[in-house]
Amino acid sequence: MSEPAPTLAVIGGGQLARMMAQPAIALGLPLRLLAEAPGVSAAQVIPDQIVGDYRDLDTLRRVSEGCAVVTFDHEHVPTDHLHALEADGIAVRPGPEALVHAQDKGVMRERLAALGVPCPRNAIVADVADVEAFGLPCVLKTTRGGYDGKGVWFVRSAEDCAEPFAAAAAAGVRLLAEELVDFRRELSALVARSPSGQAAAYPVVASTQKDGICHEVIAPAPDLDPDLAGHAQEIALRIAGELGVTGVLAVELFETTDGRVLVNELAMRPHNTGHWTQDGAVTSQFENHLRAVLDLPLGSPAPRARWTVMVNILGGPDAEVGRLFDGYPHALARDPRLRVHLYGKDLRPGRKVGHVNAYGDDLEDCLERARHAAAWFRGDLGNESE
Ligand SMILES: Nc1ncnc2c1ncn2[C@@H]1O[C@H](COP(=O)(O)OP(=O)(O)OP(=O)(O)O)[C@@H](O)[C@H]1O
Ligand SMILES: [Mg+2]
């Protein structure tokens, strides 16, 4: 009799957990989900589920019971609860000591400075006088709880600082000031690392944000100096090793106009800038995340094609005109090589509901195909004729 496969608990029912379910099926790995509400994205595809609050320790204990490992769809589980689960003897991956660097931008900045990792100039600010002393214009960020550009403000004057300070006070978190980086573009270096220390680095990609939300990713980053690409991968591997990250680590970077890379922030879970790997790499970031947290040998991060372009599908300002399943006949007929990933979410303005991947030998062609498809699902094309 062979041993049954270990059950993996996933905290959070968003699209990242949903997309972990695909390689879990292929590898025969049972998942148990903690969903924040019935019917959320991952709850639609993972039958073994509990609906509850990830801020409640008893709920976390119930979900973890009998599971080999606990991992995450998001970074919001309180650090103290993760320590409590570890004290119960549960393998939490990534562990709280590592995860805090993805949860708290102040802690992350302090640690990266100690490691000598290049970052934008930054300081914790307690009031407007501190911001003026730091230098305006600058970027203000809440140290915790931000996502998709929420919790990030570009400030030019003392008056601009009122809103960020009010938001930080209301949330009970600190405010971090950063120099306004004059970047050429944003890059992302994605690695997976297992508890035994095996690591795999994906090619460095270029990402574009719209209104603070990841919009488009090109893999690999076009015209990136190979030395700088190697340097970015080394930074990501070094951070993963030094912080003891287990699972996927995404290092968001700025490529400066004078040819350096600076670390923007860290994510310790599959990341939007790694969605291209589902179709464009030998092993997807979701599969390598599962392999890593279970301490299984990692799969190859090598690309399958010269180029892969990922474009997110977001609800437009008038979500009513968008189409998701309705958009299939045109999108699939127009481009038989297109890969579509929908998250089982309703279209709402600004909400990420899916993405498309297009890969091939010609970058312009991949860009056109992926952009066309994403615009079509969003409802930006063709409604005038309907
Ligand atoms: N110091 C900076 N200088 C210039 N632009 C910045 C700076 N910091 C952040 N930005 C811009 O704001 C975006 C969001 O910032 P950041 O990644 O810190 O926030 P977030 O809300 O945690 O993002 P995410 O959606 O990745 O969780 C960045 O992708 C970048 O475009
Ligand atoms: Mg970010």
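Counting starts at 1 for both ligands and their atoms, following the listed order. When reading the values below, keep in mind they use all heavy atoms of this one structure, side chains included, and skip hydrogens, waters and symmetry mates.
By the 4.0 Å N-to-carboxylate-O rule, Lys105 lies too far from Glu178 to be salt-bridged with it.
Between the side chains of Arg193 and Gln198, not a single donor N or O lies within less than 3.5 Å of an accepting N or O.
Within the structure, every pair that satisfies the ring-ring contact (aromatic ring centres under 6.0 Å, His included) test and touches residues 252-287, not counting sequence neighbours, is listed here: Phe183-Phe254, His275-Phe286, His275-His355.
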Identify all pairs of nitrogen or oxygen atoms, one from ligand 1 and one from the protein, separated by less than 3.5 Å, and list them with distances.
residue  : atom   : partner : partner atom : Å
ligand 1 : 1 (N)  : Glu178  : OE1          : 3.0
ligand 1 : 1 (N)  : Glu179  : O            : 2.9
ligand 1 : 3 (N)  : Val181  : N            : 2.9
ligand 1 : 8 (N)  : Lys141  : NZ           : 3.0
ligand 1 : 17 (O) : Glu252  : OE1          : 3.1
ligand 1 : 17 (O) : Asn264  : ND2          : 2.9
ligand 1 : 17 (O) : Glu265  : OE2          : 2.8
ligand 1 : 18 (O) : Lys105  : NZ           : 3.2
ligand 1 : 18 (O) : Lys141  : NZ           : 2.7
ligand 1 : 19 (O) : Lys105  : NZ           : 3.3
ligand 1 : 21 (O) : Asp148  : N            : 3.4
ligand 1 : 21 (O) : Gly149  : N            : 2.8
ligand 1 : 22 (O) : Lys105  : NZ           : 2.8
ligand 1 : 22 (O) : Glu265  : OE1          : 3.2
ligand 1 : 22 (O) : Glu265  : OE2          : 3.0
ligand 1 : 23 (O) : Glu265  : OE2          : 3.1
ligand 1 : 25 (O) : Asp148  : N            : 2.7
ligand 1 : 25 (O) : Asp148  : OD1          : 3.4
ligand 1 : 26 (O) : Glu252  : OE2          : 2.9
ligand 1 : 26 (O) : Glu265  : OE2          : 2.8
ligand 1 : 27 (O) : Glu265  : OE2          : 3.4
ligand 1 : 29 (O) : Glu186  : OE1          : 2.7
ligand 1 : 31 (O) : Glu186  : OE1          : 3.4
ligand 1 : 31 (O) : Glu186  : OE2          : 2.6

Could you give the side-chain donor-acceptor pairs of residues 230-239 under 3.5 Å, partners two or more places apart or in another chain?
residue : atom : partner : partner atom : Å
Gln233  : NE2  : Tyr202  : O            : 2.9
Arg238  : NH1  : Leu115  : O            : 3.1
Arg238  : NH2  : Leu115  : O            : 2.9

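Glu252 contributes atom OE1 as its closest N/O/S atom to the Mg ion (ligand 2). Taking the Mg ion (ligand 2) as reference, Glu265 places its N/O/S atom OE2 nearest.
When the options Glu216, Glu252, Glu255 are evaluated for a salt bridge (charged side-chain N to carboxylate O under 4.0 Å, His left out) with Arg185, the one that passes is Glu255.
Applying the side-chain hydrogen bond (donor to acceptor under 3.5 Å, both in side chains) test to Asp335 and every residue at least two apart in sequence or in another chain returns Arg369.
Ala91 and Ala68 get closest at one heavy-atom pair: CB-O, 3.6 Å.
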